[in-house]
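Within every chain, numbering begins at 1; the chains are lettered A, B, ... in the order of the sequence lines, protein sequences first and strands thereafter. Quick caveat, the model's predicted, so the values are computed rather than measured. The figures that follow rest on heavy atoms only: side chains count, while hydrogens, waters and symmetry mates do not.
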Protein chains: 2
Amino acid sequence: MSHTYEYPRPALTVDCVVFGMDEEDLKVLLIKRGLEPFLGKWALPGGFVRMEESLDDAARRELEEEAGIRPSHLEQLFTFGEPGRDPRGRVVTVAYFALVKLSDHRVHASTDAREAAWFSVWDTPKLAFDHADILGTALQRLKGKVRYQPIGFELLPPKFTLTQLQRLYEMILERPLDKRNFRKKILSMELLEELDEVEQDVSHRAARLYRFDHKKYRQLEKAGFNFEL
Amino acid sequence: MSHTYEYPRPALTVDCVVFGMDEEDLKVLLIKRGLEPFLGKWALPGGFVRMEESLDDAARRELEEEAGIRPSHLEQLFTFGEPGRDPRGRVVTVAYFALVKLSDHRVHASTDAREAAWFSVWDTPKLAFDHADILGTALQRLKGKVRYQPIGFELLPPKFTLTQLQRLYEMILERPLDKRNFRKKILSMELLEELDEVEQDVSHRAARLYRFDHKKYRQLEKAGFNFEL
DNA sequence: CAACATAGTGTCCAAGTGACACCAAGTCAA
DNA sequence: TTGACTTGGTGTCACTTGGACACTATGTTG
């Protein structure tokens with residue numbers, strides 16, 4: 001213990017589970033590996049932490065570099081450090097959990113030379129390393145968190161209909177919700193701003209649009225409010 | 001990216017927030033540092049992760065070495081990696097959250113040559129590094145978790161009275177609870193085994209003892225049960 | 001045996017949760 | 001233009017749950 005730097009050191013990486021959502025499905029962003037090990041396999045975006053940057057910064061930097069993405073929500077998920085998780089040797093990874101509005105990132109999921117793509121979370125290819133575990137942990141977190149914190153909105157476009165919102169919750173929680181009860185509950189939280197607009201280009205009656213009121217949310221949150229669904 | 005091991009590596013440690021509880025207070029275990037930096041200051045128990053051990057193992061080993069403690073509950077808390085958090089250079093620490101039955105560990109809080117002691121969590125000395133932040137995060141976790149998972153039992157002796165249990169919840173949540181409502185709620189979960197014993201050596205009517213039924217808990221947990229307080 | 005300290009127990013009201021079905025509005029095609 | 005189709009939008013009632021509230025029971029001590 002007396003000579004700190006004599007210790008051999010595990011390598012340190014960050015890996016990000018980025019969720020997005022479209023009409024059909026909850027999606028996760030994957031990158032095709034261009035290097036050994038697991039060359040050609042799909043993996044979570046991530047990479048080595050630099051000496052002068054914080055862990056959060058490393059996660060943001062990797063997302064920007066590998067996929068041109070700036071997530072609207074980013075939080076640390078869990079640190080995975082089993083000795084055998086990387087065939088090259090000891091690599092510890094700090095996993096992150098991110099949400100993006102897919103509408104902002106649909107086009108150039110791939111920047112760089114790398115290949116990036118969105119996959120349905122229920123139907124991913126085999127992943128490199130222990131990334132399937134990481135994805136599983138992230139899904140659990142999303143499911144748990146969505147029930148008592150209104151983070152789901154980070155997955156929707158700024159203006160959305162109540163039906164879209166309900167579908168989002170149904171996809172994440174993997175169970176159907178009652179339309180009237182859902183609307184009652186959500187509207188009673190008073191976190192939605194009702195707009196004087198309706199959705200466009202639909203071949204049936206158009207639904208009213210709403211916007212999430214971030215400012216009000218922050219106020220109520222500070223006041224120790226409860227947002228259980 | 002192509003030569004993994006060229007990257008400089010942050011040093012990697014684990015630090016543990018160990019909670020215990022006695023009649024008066026919720027306690028946290030601290031160790032007096034015998035080395036620079038922060039020599040003589042109080043700090044969380046912890047140390048460097050070895051190349052061949054998992055993070056969990058590292059946390060357990062450090063607790064055993066520094067305080068002779070085997071926690072009854074141990075889980076990863078959060079990873080702290082701000083570049084400036086250690087004056088010696090870049091050190092990333094994976095923080096752990098542990099619960100022990102103080103009755104088992106009251107005597108030799110200190111093994112080794114080190115000085116270890118239990119402090120009231122509401123009245124700790126100034127801590128080394130960013131350990132005050134880590135302790136704060138752990139307290140939040142304890143408060144949050146206790147509301148929907150029966151982990152509080154890990155802080156009590158195997159046999160306890162309902163009053164002890166209520167005091168535990170009151171200390172953690174920092175608010176008074178109604179005796180009748182509390183008992184109603186706890187007993188309705190059917191996780192407590194009512195024993196044919198009462199507490200000893202009290203100078204008033206003795207209370208009935210209960211035991212937490214771990215087996216039943218695991219069953220109900222698997223069945224997707226809800227243990228909200 | 002009186003004073004004490006804590007154990008142990010039930011009711012009522014308010015709020016919240018969940019089950020449930022129909023009319024409204026707009027689109028589309030014949 | 002009209003009828004069929006698709007989704008939008010709305011209220012009630014039964015039940016459950018959460019929270020406020022006060023007295024008697026039992027053992028100890030001086």
Legend entry - Any donor-acceptor pair under 3.5 Å from A:Gln200 side chain to A:Val198 backbone: yes
Inset, instruction - Determine the contact category for B:Lys184: base if any of its heavy atoms lies under 4.0 Å from a base atom, sugar-phosphate if only primed atoms, P, OP1 or OP2 are that close, otherwise nothing. - result: base
Inset, instruction - Check whether any side-chain N or O of B:Gln76 sits under 3.5 Å from a backbone N or O of B:Val94 as a donor-acceptor pair, and report yes or no. - result: no
Inset, instruction - Would you mind classifying the nucleic acid contact of A:Arg208 as base, sugar-phosphate or nothing, using non-hydrogen atoms under 4.0 angstrom? - result: sugar-phosphate
Legend entry - Range on DNA chain C touched by chain A, heavy atoms, distance below 4.0 Å: C:dT17 to C:dC28
Inset, instruction - Output, in order, the C-alpha distance, side-chain angles, deciding distance and verdict of side chain to side chain contact (heavy atoms under 4.5 Å, CB included) for A:Thr93 and A:Arg85. - result: CA-CA 10 Å; A:Thr93 194; A:Arg85 61 175 294 281; 3.2 Å; yes
Inset, instruction - Specify the residues of residues 199-207 of chain B, ordered by number, for which at least one heavy atom lies under 4.0 angstrom from an atom of DNA chain D. - result: B:Val202, B:Ser203, B:His204, B:Arg205
Legend entry - Interface limits on DNA chain D, where chain B has a heavy atom under 4.0 Å of a nucleotide atom: D:dG18 to D:dT29
Inset, instruction - Under 4.0 Å between any heavy atoms, over every strand shown, what does B:Lys179 touch: base, sugar-phosphate, or nothing? Just pick one. - result: base
Inset, instruction - Return yes when atom NZ of B:Lys41 has more than 12 non-hydrogen atoms of other residues, nucleotides or ligands closer than 6.0 Å, and no otherwise. - result: no
Inset, instruction - Could you check whether B:Thr161 gets within reach of a base, just the sugar-phosphate, or nothing at all, counting any heavy atom under 4.0 Å? - result: nothing
Legend entry - Check: A:Lys185 side chain, A:Glu228 main-chain N or O, donor-acceptor pair, under 3.5 Å: yes
Legend entry - Side chain B:Asp22, main chain B:Glu24, donor-acceptor under 3.5 Å: yes
Inset, instruction - For the pair A:Glu65 and A:Arg61, find out whether any cationic side-chain nitrogen is under 4.0 Å from an anionic carboxylate oxygen. - result: yes
